Amino acid sequence: MPGIDATAFVHESAYVDDGATVGRGTKIWHFCHVMPGAVIGDRCSLGQNVVVMNGTLIGDNCKIQNNVSVYEGVELEDDVFCGPSMVFTNVINPRSHVSRKNEYRKTLVRRGSSIGANATIVCGITLGEYSFIGAGAVVTSDVLPFALMVGVPARRAGWMCRCGERLPDAGAGRCSVCGIEYQRAGEGISPCQPFPPSR
């Protein structure tokens, strides 16, 4: 059922429209706007001046920093981090005088991904689980799980562990911080053992 959970916090300067859903323990800070039909999971944090458009899905434990707009067609799975002023899009060829509301392209950000400050995610792509998008990168195509992407346009520069530390350049090997071991899997990498359940 739509509505704001009793344990959620909404700052007095923020607007949560009727028909939006805000989960348990979520915090919505100054000057945010959550529109009808938006679904925000549990334990999320929306920083100052975040806009969540109608029809968007935000999973549990997502952190959305200041000045981010989550447009219709964008879905964030659990544990996604969106850095300050990063940008989503939902139309590939916008014109002010041409309506393209029936041409929105879906963007899927898989579980555990991090998107750095001022990065741009061009619509119609998927960011693989635990991928890591560097600050200022412009991502124009699908991203493999655990991939570190940097530059304009973004290119893979390495691999990142689930814990957020950089892995050996080959991808296969053990994280020097948390000890998780990875193996090659086709063009990408995968953990040698399943991750323990999330909290």
Side-chain angles (χ1 to χ4, degrees), residues 1-90 104-119 121 123 125-133 135 139 143 145-146 160-165 175 177-178 180 191 193-199:
M1 291 289 293
I4 302 171
D5 187 88
T7 64
F9 167 80
V10 179
H11 189 269
E12 63 182 8
S13 67
Y15 288 92
V16 177
D17 291 342
D18 291 343
T21 301
V22 179
R24 292 180 295 111
T26 286
K27 292 179 170 59
I28 298 175
W29 293 99
H30 306 65
F31 313 120
C32 291
H33 187 187
V34 179
M35 298 187 70
V39 177
I40 301 172
D42 299 338
R43 306 181 314 281
C44 294
S45 176
L46 277 61
Q48 180 174 300
N49 197 38
V50 169
V51 175
V52 182
M53 301 292 284
N54 54 299
T56 56
L57 294 173
I58 296 173
D60 295 338
N61 198 43
C62 291
K63 304 295 188 290
I64 303 175
Q65 303 291 82
N66 296 356
N67 306 314
V68 173
S69 294
V70 184
Y71 292 118
E72 185 174 351
V74 174
E75 179 179 350
L76 311 182
E77 293 187 346
D78 295 348
D79 301 324
V80 167
F81 176 87
C82 295
S85 301
M86 62 76 50
V87 176
F88 289 109
T89 66
N90 61 5
Y104 290 163
R105 298 193 184 188
K106 182 175 180 179
T107 298
L108 175 60
V109 183
R110 300 298 303 271
R111 180 187 201 89
S113 295
S114 294
I115 305 172
N118 291 301
I121 310 301
C123 60
I125 65 174
T126 296
L127 306 187
E129 64 178 7
Y130 300 105
S131 59
F132 199 101
I133 312 303
V139 183
V143 174
F146 305 101
M160 299 292 282
C161 180
R162 177 182 187 240
C163 75
E165 296 293 330
C175 176
V177 176
C178 73
I180 294 175
Q193 300 292 329
F195 293 138
S198 298
R199 291 178 288 120

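Keep in mind that what you see is a predicted model, and the values were worked out from it rather than measured.
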How long is the straight-line distance from CZ of R43 back to SG of C62, given to the nearest 0.5 Å? 10.0 Å
Just verifying a value: how many Å separate T21 OG1 and I58 CD1, rounded to the nearest 0.5 Å? 11.5 Å
Min side-chain heavy-atom separation V74-I121 under 4.5 Å: no
Taking salt bridge (charged side-chain N to carboxylate O under 4.0 Å, His left out) as the cut-off, I'd like each qualifying pair that reaches into residues 22-37, sequence neighbours left out, listed once. R24-D42
Would you check, one step at a time, whether the test side chain to side chain contact (heavy atoms under 4.5 Å, CB included) holds for L127 with V80? CA-CA 11 Å; L127 306 187; V80 167; over 6 Å; no
Check: C44 main-chain N/O paired with T26 side-chain donor or acceptor under 3.5 Å: yes
Closest heavy-atom pair and its distance - A8, V22: CB-CG1, 3.9 Å
Using side chain to side chain donor-acceptor pair (under 3.5 Å) as the criterion, list what pairs up with H11, not counting sequence neighbours. S13, H30
S69 side, atom OG; H33 side, atom NE2 - distance, nearest 0.5 Å: 11.5 Å
Contact list for residues 58-88, test ring-ring contact (aromatic ring centres under 6.0 Å, His included), sequence neighbours left out: none
Not counting sequence neighbours, which residues clear side chain to side chain donor-acceptor pair (under 3.5 Å) with S113? List them please. S131
Looking only at heavy atoms, the pair that brings M86 and G116 closest together is CB-O, 3.6 Å
Going by ring-ring contact (aromatic ring centres under 6.0 Å, His included), name the residues that satisfy it together with Y15, two or more places apart in sequence or in a different chain. none
Going through the distances and angles, do W29 and N66 end up as a side chain to side chain contact (heavy atoms under 4.5 Å, CB included)? CA-CA 9 Å; W29 293 99; N66 296 356; over 6 Å; no
Restricting to ring-ring contact (aromatic ring centres under 6.0 Å, His included), what partner residues turn up for F146, sequence neighbours left out? Y130, Y182
Sub-4.5 Å side-chain heavy-atom contact between V177 and C161: no
Is any side-chain heavy atom of E77 closer than 4.5 Å to one of L108? yes
Taking only residues two or more places apart in sequence or in another chain, which ones pass salt bridge (Lys or Arg N to Asp or Glu O under 4.0 Å) with E129? none
Quick one: does L76's side chain get under 4.5 Å of C82's, heavy atoms only? yes
Non-hydrogen side-chain atoms of I28 and I4 separated by less than 4.5 Å: no
Who passes side-chain contact (heavy atoms from CB on, under 4.5 Å) against P36, sequence neighbours left out? D17
List, one per line, each side-chain donor-acceptor pair under 3.5 Å for residues 45-57, sequence neighbours excluded.
unit_1	atom_1	unit_2	atom_2	d
N49	ND2	N67	OD1	2.9
N54	ND2	E72	OE1	3.3
T56	OG1	M53	O	2.8

Working to the nearest 0.5 Å, report the span between NZ of K106 and CD1 of I125. 13.5 Å
Looking at residues at least two apart in the chain, or sitting in another chain, which of them share a ring-ring contact (aromatic ring centres under 6.0 Å, His included) with F31? none
For A20 and M35, which heavy atoms make the closest approach, and how far apart are they? CB-O, 3.5 Å
The criterion is side chain to side chain donor-acceptor pair (under 3.5 Å); which residues satisfy it with D78, sequence neighbours excluded? R111
